[in-house]
Amino acid sequence: MRSMPPTRTTKQATTADHSIGTRIAEIRIAKGISQSALGQAIGVSFQQVQKYEKGLNRVGAVRLQSIAALLNVPVSTFLPDDGVAVKNEEESLSLLRAPEALELVKAFSSITDVQIRRDVLSIVRSAARLYSHEL
């Protein structure tokens, strides 16, 4: 009598998967690339990109290489360093959840002149300091 092969268990997404997805989202947003454009470039649907970014599905090594190449960053950019890095990445992404923040990042990313970018950043920092003193 033959023995049955072991049943295959589904791989559950981990904290590391969530961290990798968060970093993909941050860099994609900072570069002004839509989920649809990223998905099309790497051969998946935008829904699959959403699942990667939320950490619901794991990103395979080859696909992660493709994403890194498209976003022009080393693969190591996506890999978590430690628990502190994971928390910091989640906090950074939460800042982009406000619609105005995302709009600001997109507009800022479209400015190609380095000096104008510095000037805009200076204006925003000044406004933030003024507002914090009013509280």
Side-chain angles (χ1 to χ4, degrees):
M1 194 168 167
R2 281 200 239 169
S3 64
M4 296 291 290
T7 56
R8 189 173 162 192
T9 59
T10 59
K11 295 179 183 178
Q12 297 293 318
T14 65
T15 304
D17 296 317
H18 181 56
S19 176
I20 290 168
T22 298
R23 291 176 189 214
I24 291 170
E26 285 179 329
I27 296 167
R28 177 188 59 75
I29 290 167
K31 299 216 178 229
I33 299 172
S34 70
Q35 288 177 330
S36 296
L38 177 60
Q40 187 174 16
I42 63 171
V44 300
S45 67
F46 79 91
Q47 292 95 335
Q48 185 62 44
V49 172
Q50 286 176 335
K51 290 177 184 179
Y52 290 152
E53 291 183 355
K54 291 179 181 177
L56 300 175
N57 286 9
R58 289 185 170 182
V59 183
V62 172
R63 180 123 320 131
L64 193 58
Q65 273 186 309
S66 297
I67 293 170
L70 181 75
L71 298 176
N72 199 27
V73 296
V75 172
S76 61
T77 303
F78 302 115
L79 304 178
D81 300 324
D82 56 31
V84 174
V86 170
K87 184 177 180 188
N88 289 342
E89 294 298 330
E90 289 172 358
E91 288 173 2
S92 296
L93 185 58
S94 71
L95 293 173
L96 294 175
R97 289 201 173 106
E100 298 85 4
L102 184 55
E103 193 174 331
L104 180 63
V105 169
K106 285 180 179 179
F108 185 82
S109 295
S110 70
I111 300 170
T112 56
D113 185 280
V114 175
Q115 186 57 50
I116 293 174
R117 287 175 78 123
R118 288 184 186 139
D119 293 343
V120 168
L121 184 57
S122 177
I123 290 167
V124 172
R125 284 182 176 153
S126 295
R129 276 194 301 274
L130 287 172
Y131 179 74
S132 68
H133 292 320
E134 291 177 6
L135 296 178

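Counting begins at 1 with the first residue of the sequence. What's counted below: heavy atoms across the whole structure, side chains too, no hydrogens, waters or symmetry copies. Not measured: the values here are computed from a predicted model.
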Q) Which is it for F78 and V59 under the side-chain contact (heavy atoms from CB on, under 4.5 Å) test, yes or no, and what are the steps along the way? A) CA-CA 11 Å; F78 302 115; V59 183; over 6 Å; no

Looking at every heavy atom in both [X] and [Y], which two are closest together, and how far apart are they?
{"X": "S66", "Y": "I42", "result": "CB-CG2, 4.0 Å"}
{"X": "V44", "Y": "R63", "result": "CG1-NH1, 3.1 Å"}
{"X": "A68", "Y": "P74", "result": "CB-C, 4.1 Å"}

**Q.** Student check: side-chain heavy atoms of L79 and L64 closer than 4.5 Å
**A.** yes

Q.
I'd like to know if the side chain of H18 and the backbone of L56 have a donor-acceptor N/O pair within less than 3.5 Å.
A. no

Q. Is a donor on one side and an acceptor on the other found under 3.5 Å between the side chain of K31 and the backbone of L71?
A. yes

Kindly compute the distance separating [atom1] ([X]) from [atom2] ([Y]), expressed to the nearest 0.5 Å.
{"X": "R58", "Y": "T14", "atom1": "CZ", "atom2": "OG1", "answer": "5.0 Å"}
{"X": "T77", "Y": "I20", "atom1": "OG1", "atom2": "CD1", "answer": "11.5 Å"}
{"X": "D17", "Y": "K51", "atom1": "CG", "atom2": "NZ", "answer": "14.0 Å"}

Q.
Does Q40 have more than 12 heavy atoms from other residues, nucleotides or ligands lying within 6.0 Å of its CD?
A. no

(Q) I'd like to know whether N57 forms a side-chain contact (heavy atoms from CB on, under 4.5 Å) with Q48, so could you lay out the CA-CA distance, the side-chain angles of the two residues, the decisive distance to 0.1 Å, and finally the verdict. (A) CA-CA 8 Å; N57 286 9; Q48 185 62 44; 2.9 Å; yes

(Q) Applying a strict under-4.5 Å side-chain criterion to I, L, V, M, F, W and Y, I'd like to know whether I29 and F46 cluster together. (A) no

Q) Would D119 and S122 count as having a side-chain donor-acceptor pair, cut-off 3.5 Å? A) no

Which atom pairs, one a donor and one an acceptor, fall under 3.5 Å between side chains of residues 104-113 and the rest of the protein, sequence neighbours left out?
{"residue": "S109", "atom": "OG", "partner": "A30", "partner atom": "O", "Å": "2.7"}
{"residue": "S109", "atom": "OG", "partner": "V105", "partner atom": "O", "Å": "2.9"}
{"residue": "S110", "atom": "OG", "partner": "A107", "partner atom": "O", "Å": "2.6"}
{"residue": "D113", "atom": "OD1", "partner": "Q115", "partner atom": "N", "Å": "3.0"}
{"residue": "D113", "atom": "OD1", "partner": "I116", "partner atom": "N", "Å": "2.9"}

